[in-house]
Asker: 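This is the structure I want to talk about, given as structure tokens.
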Amino acid sequence: MKTLMKIALAAAVVAIAAPMAMANTFVAWKVSGVAWNDVLNARAWPSSQSAIRAGYPNGARLQMTGRCMNGIDLNDIAGWSRGAQRNAVRSTWCQIWHDPGQNAHWQVGWVHGRYIEPQGW
């Protein structure tokens with residue numbers, strides 16, 4: 001019985017810690033290039049036909065997971081110039097970690113790379 005409880009406890013820790021670790025993977029990107037009266041839609045899947053989960057205006061900081069379509073990893077291109085990073089993601093979708101309802105129900109979403117850029121410090 002103790003072994004079963006240890007396994008259950010370990011599974012619970014992994015279930016809680018994994019999303020928290022993903023949320024801290026990559027933070028240094030922001031929304032850019034969206035029309036003044038519009039927002040960047042964060043979608044459930046990497047498709048313009050996918051359900052919209054939230055909208056973010058220009059300048060909003062995004063928590064990136066690092067994963068983009070077409071095999072691009074934001075961590076791998078982090079040392080590139082800002083322009084080169086932006087060009088690398090310009091025509092693909094990148095994954096974010098966000099709380100669309102602002103109710104502590106964090107989830108992954110997808111934004112199109114055309115409307116994001118590295119956050120300048």
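Worth saying up front: this structure is predicted, and the values here are computed from it rather than measured.
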Asker: What about Met69 and Val89, same hydrophobic cluster or not, with Ile/Leu/Val/Met/Phe/Trp/Tyr joined at side-chain heavy-atom distances under 4.5 Å?
Answerer: no
Asker: Supply the atom-to-atom distance Arg90 CZ to His112 NE2, rounded to the nearest 0.5 angstrom.
Answerer: 9.5 Å
Asker: Do you know which two heavy atoms are closest between Ile77 and Gln85, and how far apart they sit?
Answerer: O-CG, 3.2 Å
Asker: With under 30° as parallel and over 60° as perpendicular, where do the rings of Trp106 and Trp97 fit, or are they tilted in between?
Answerer: parallel
Asker: Which pair of heavy atoms, one from Gly33 and one from Asn58, lies closest together, and at what distance?
Answerer: N-OD1, 3.1 Å
Asker: Find out whether Trp29 and Leu74 are in side-chain contact, i.e. whether some heavy atom of one side chain is under 4.5 Å from a heavy atom of the other.
Answerer: yes
Asker: Can you name the side-chain contact (heavy atoms from CB on, under 4.5 Å) partners of Ser50, sequence neighbours left out?
Answerer: Arg43, Ala44, Trp45, Ser47
Asker: So, do Val31 and Leu62 sit near enough that their side-chain heavy atoms are less than 4.5 Å apart?
Answerer: yes
Asker: Counting C-beta onward and ignoring hydrogens, is there a side-chain heavy-atom pair between Gln107 and Pro100 closer than 4.5 Å?
Answerer: yes
Asker: Do the side chains of Glu117 and Arg82 get nearer than 4.5 Å, heavy atoms only?
Answerer: yes
Asker: Any heavy-atom pair between the side chains of Gln63 and His98 that's under 4.5 Å?
Answerer: no
Asker: Who pairs with Ala104 by side-chain contact (heavy atoms from CB on, under 4.5 Å), at least two apart in sequence or on another chain?
Answerer: none
Asker: So which heavy atom on Val39 is nearest to which on Pro57, and how close?
Answerer: CG1-N, 4.1 Å
Asker: Give a yes or no on whether Trp93 and Leu40 share a hydrophobic cluster (residues Ile, Leu, Val, Met, Phe, Trp, Tyr; joining criterion: side-chain heavy atoms under 4.5 Å apart).
Answerer: no
Asker: In Å, rounded to the nearest 0.5 Å, how long is the span from CZ of Arg86 to OG of Ser81?
Answerer: 12.0 Å
Asker: Within the distance-only criterion (no hydrogens, no angle test), does the side chain of Asn75 pair as donor or acceptor with the backbone N or O of Gly66 below 3.5 angstrom?
Answerer: no
Asker: How many angstroms lie between atom SG of Cys68 and atom CG of Asp76, to the nearest 0.5 angstrom?
Answerer: 10.5 Å
Asker: Looking at CE of Met64 and CG of Asp73, how far apart are the two atoms once the value is rounded to the nearest 0.5 Å?
Answerer: 11.0 Å
Asker: Given 3.5 Å as the limit, does a donor-acceptor pair link the side chain of Asn41 with the main chain of Arg53, or not?
Answerer: no
Asker: For the pair Ile96 and Trp110, evaluate side-chain contact (heavy atoms from CB on, under 4.5 Å) and give the outcome as yes or no after the intermediate values.
Answerer: CA-CA 6 Å; Ile96 64 171; Trp110 292 87; over 6 Å; no
Asker: If only atom types and distance count, is the side chain of Asn70 paired as donor or acceptor with the main-chain N or O of Ile72 below 3.5 Å?
Answerer: no
Asker: Just wondering, more than 12 heavy atoms not from Tyr56 lying within 6.0 Å of its OH?
Answerer: yes
Asker: Under the side-chain contact (heavy atoms from CB on, under 4.5 Å) rule, what do Ile116 and Ser32 come out as? Steps first, then yes or no, please.
Answerer: CA-CA 5 Å; Ile116 61 174; Ser32 176; over 6 Å; no
